[in-house]
Student: 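This is the structure I want to talk about, given as structure tokens.
For the single chain, residues carry numbers from 1 onward in sequence order. For the numbers below, each heavy atom of this structure counts, side chains included, while hydrogens, waters and symmetry mates do not. Counting starts at 1 for both ligands and their atoms, in listed order.
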Amino acid sequence: MHLTRRAFLGSAGATGMASLFGFLGLELKPSKAFAAQATPVRGRITSTICPYCGVGCGALVTACDGRVVNVEGDPDHPINEGSLCSKGAAMIQIANNERRLTKVRYRAPGSDHWEEREWDWAIKKIAQNIKKTRDASFVTKDAQGRVVNRTEGLACLGGASLDNEECYAYSKFARALGVVFLEHQARI
Ligand code: SF4
């Protein structure tokens, strides 16, 4: 058998790499997807969007007995098609975390400490403050006498986790108030 130098080195390299992968415990053959081997988790599944970054990957959250028991990428979501980065894959830690705040914390103007409040109280307080600020800052005409009907005392900032429909509803809400300073996290 005639063996050229190039063929010998190529063969030795392939054999050496295969041995090295074997030594390291790595399998070169196609492996089965982990999800196909995992034990199914039982519970109510809800689809949601990862809250971390502007990519907006879809996730499936499984909850059982009031507790999140599994989070995985949504295979039907057009953005990530089932995958999640390491941060998104760890999002179960947001729900199952003893340090998670579950009540509103409020610090009154001039105060040096936080007080615990209920959501109903907080939402009412936010609405009252919006109305108070809007009433105090609303202008119907600008310096040239043109009708503007706007407030420059309020600003609205959208987040990357909002989807198109939520952004649409949010911007309509802001414009209805007369807000002109309407921005989005992704542009800042
Ligand atoms: S899974 Fe990762 S890439 Fe996708 S939205 Fe969350 S943080 Fe961003």
Side-chain angles (χ1 to χ4, degrees), residues 17 20-21 24-107 114-127 129-130 133 151 154-188:
M17 288 303 285
L20 177 61
F21 280 125
L24 294 174
L26 299 176
E27 175 62 72
L28 292 178
K29 286 186 286 188
S31 52
K32 289 181 187 171
F34 177 77
Q37 302 170 7
T39 308
V41 183
R42 302 202 183 281
R44 183 165 170 267
I45 300 176
T46 309
S47 65
T48 188
I49 310 266
C50 174
Y52 282 127
C53 88
V55 175
C57 296
L60 298 175
V61 177
T62 308
C64 186
D65 297 329
R67 186 174 171 82
V68 175
V69 292
N70 188 55
V71 177
E72 59 191 68
D74 183 350
D76 293 329
H77 198 279
I79 290 177
N80 54 317
E81 297 182 337
S83 63
L84 290 175
C85 76
S86 55
K87 199 169 176 182
M91 86 178 96
I92 194 171
Q93 295 171 5
I94 299 175
N96 301 337
N97 194 322
E98 62 184 25
R99 292 189 294 172
R100 180 184 176 187
L101 296 178
T102 55
K103 291 211 168 160
V104 174
R105 302 189 77 198
Y106 170 70
R107 195 175 72 178
W114 296 94
E115 301 165 37
E116 208 168 78
R117 297 295 173 96
E118 296 298 327
W119 270 106
D120 285 347
W121 178 91
I123 290 170
K124 198 170 167 189
K125 177 78 173 162
I126 291 168
N129 283 355
I130 288 176
T133 305
T151 168
L154 292 169
C156 288
L157 179 64
S161 322
L162 301 183
D163 60 27
N164 279 352
E165 291 74 16
E166 288 165 337
C167 281
Y168 178 83
Y170 188 62
S171 59
K172 285 287 179 188
F173 167 72
R175 297 302 188 208
L177 287 173
V179 167
V180 288
F181 303 127
L182 175 61
E183 259 300 351
H184 191 275
Q185 172 203 341
R187 274 171 36 107
I188 295 177

Student: Please examine the side chains of Cys50 and Val55, heavy atoms only from C-beta on, and report whether any two atoms are closer than 4.5 Å.
Tutor: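 No - every pair of side-chain heavy atoms lies 4.5 Å or more apart.
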
Student: Any idea which protein heavy atom is nearest atom 8 (Fe) of ligand 1, and the distance to it?
Tutor: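 So the nearest neighbour among protein heavy atoms is Cys53 SG, 2.3 Å.
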
Student: Numbering the atoms of ligand 1 from 1, which are under 4.0 Å from a heavy atom of Gly56?
Tutor: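 Matching atoms, with element in brackets: 5 (S).
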
Student: So if I count the atoms of ligand 1 from 1 in the order they appear, which ones are less than 4.0 Å from some heavy atom of Leu84?
Tutor: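 Every atom of ligand 1 under 4.0 Å from some heavy atom of Leu84: 1 (S).
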
Student: Do the side chains of Glu115 and Arg117 get close enough for a salt bridge, i.e. N-O under 4.0 angstrom?
Tutor: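 Answer for the salt bridge query: yes.
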
Student: Using 2.8 Å as a strict upper limit, say whether an N, O or S atom of Cys85 approaches atom 2 (Fe) of ligand 1 that closely.
Tutor: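 Cys85 does place an N, O or S atom closer than 2.8 Å to atom 2 (Fe) of ligand 1.
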
Student: Is Asn80 close enough to touch ligand 1? Criterion: a residue heavy atom under 4.0 Å from a ligand atom.
Tutor: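 Contact absent.
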
Student: Using the side-chain contact (heavy atoms from CB on, under 4.5 Å) definition, which of the options Thr46, Thr48, Val71, Ile45 pairs with Leu60?
Tutor: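 Single side-chain contact (heavy atoms from CB on, under 4.5 Å) partner of Leu60 among Thr46, Thr48, Val71, Ile45: Ile45.
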
Student: In terms of atom number and element, which parts of ligand 1 are under 4.0 angstrom from non-hydrogen atoms of Gly88?
Tutor: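 Here the atoms of ligand 1 in question are 1 (S).
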
Student: Looking only at heavy atoms, what is the nearest atom pair of Pro51 and Met91, with distance?
Tutor: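 Here Pro51 and Met91 meet closest at CD-SD, 3.8 Å.
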
Student: Using the rule ring pair (Phe, Tyr, Trp, His ring centres under 6.0 Å), only one of Trp121, Trp119, Trp114 pairs with Tyr106; which is it?
Tutor: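 With Tyr106 as partner, ring pair (Phe, Tyr, Trp, His ring centres under 6.0 Å) holds for just one option, Trp121.
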
Student: Between atom 6 (Fe) of ligand 1 and Cys50, is there an N, O or S atom separated by less than 2.8 Å?
Tutor: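 True for Cys50.
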
Student: Minimum heavy-atom separation for Leu182 to Tyr170, with atom names?
Tutor: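 Closest approach of Leu182 to Tyr170: CD1-CE2, 4.3 Å.
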
Student: Give me the residue, atom name and distance of the protein heavy atom closest to atom 4 (Fe) of ligand 1.
Tutor: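 Answer, as residue, atom name and distance: Cys57 SG, 2.3 Å.
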
Student: In ligand 1, which numbered atoms sit nearer than 4.0 Å to a non-hydrogen atom of Tyr52?
Tutor: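 What qualifies from ligand 1 is 7 (S).
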
